[in-house]
Amino acid sequence: MKLSKEAISYILDLQRRKQPQVCCLTNLERLYNIKKAIMNYNGKVNFLPDIDLREGVSGDTLLILVDEIKDENILYMEKALISFNNKKGVVFLEIGGINSSINKRNLALSFLSRYNLDVIKGTKEEIETLIKGQMGKGDEFDNKDITFKYRYFSKKNHLVLIIEGDNYYITDGYSEFSIENINKDFFINDLLEDIHTGMIAVGLGVCKSKGEIIQSILVSTLSFEISELYVEKYIPKPACCYL
């Protein structure tokens, strides 16, 4: 896949004109950071509990943060997924914490098996926990090809994977891409990952196909990394970071 200057400009111009609506199913802890990222990247946002399910969930992207889901909100999430799947919007699942919580892992696996998910984002450990949880007979991987299991899982579930680590690894099961992740050197990693998630959610809101989803994720991630490079070059770190 060639990501030309024209393709990048087209995606960013489309976001500015459309201002995609992101429905974010989360609680208050991460609300501010993600909301600011979405709005600064030419998107609009509705947050739980402001969404009235009696009218259905409308919007361009449904963003679900597994680590923020409380037990009392699970039924709400299920109804929102049903509503959004019926409207053919893009569903973006971030699976933070599933490698350290059986309940979160089972919840993510339930969403994966029952609903149409378009994009899943997580660390290598979180993604591998999800893959292991879904593995059945015949799902055996050759350790010599470290990315085969990611491509296989992505292709099997008809979705795009975003894996965070030293690099961002992105695949739809057929193509794969790697972008250097510089935020591992920053002192505000959690904040930066919230910004990255918000930017991706906006970009997904203009997509109509798997190819467009891949392109949009690449553009959002490159924009995010360029912004980080700017911060690293021009904005000094607080004095505490030099101690």
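Between Tyr169 and Tyr150, the gap from one ring centroid to the other is short of 6.0 Å.
To the nearest 0.5 angstrom, Asn157 atom CG is 6.5 Å from Ile120 atom CD1. Within the model, atoms CG of Leu159 and NZ of Lys210 stand 7.0 Å from one another, a figure rounded to the nearest 0.5 Å.
Residues Ser216 and Leu204 share a closest heavy-atom pair of OG-N, 3.5 Å.
Partners of Arg105 according to the salt bridge (charged side-chain N to carboxylate O under 4.0 Å, His left out) rule, which considers only residues two or more places apart in sequence or in another chain, do not exist here. Applying the side-chain contact (heavy atoms from CB on, under 4.5 Å) criterion to Ile195, with sequence neighbours excluded, gives Ala37, Leu191, Leu192, Met199, Phe224. Partners of Gln19 by side-chain hydrogen bond (donor to acceptor under 3.5 Å, both in side chains), not counting sequence neighbours: none found. Residues that satisfy the ring pair (Phe, Tyr, Trp, His ring centres under 6.0 Å) test with Phe111, not counting sequence neighbours, are absent from this structure. Here Gln15 pairs with nothing under the side-chain hydrogen bond (donor to acceptor under 3.5 Å, both in side chains) rule; sequence neighbours left out.
The side chain to side chain donor-acceptor pair (under 3.5 Å) contacts involving residues 89-101 comprise Arg30-Glu94, Glu94-Thr197, where partners must be two or more places apart or lie in separate chains.
Between the side chain of Glu126 and the backbone N or O of Gly97 there is at least one donor-acceptor pair closer than 3.5 Å. Judged by distance alone, with hydrogens and angles left aside, the side-chain atoms of Ser223 form a donor-acceptor pair with the main-chain N or O of Val219 at under 3.5 Å.
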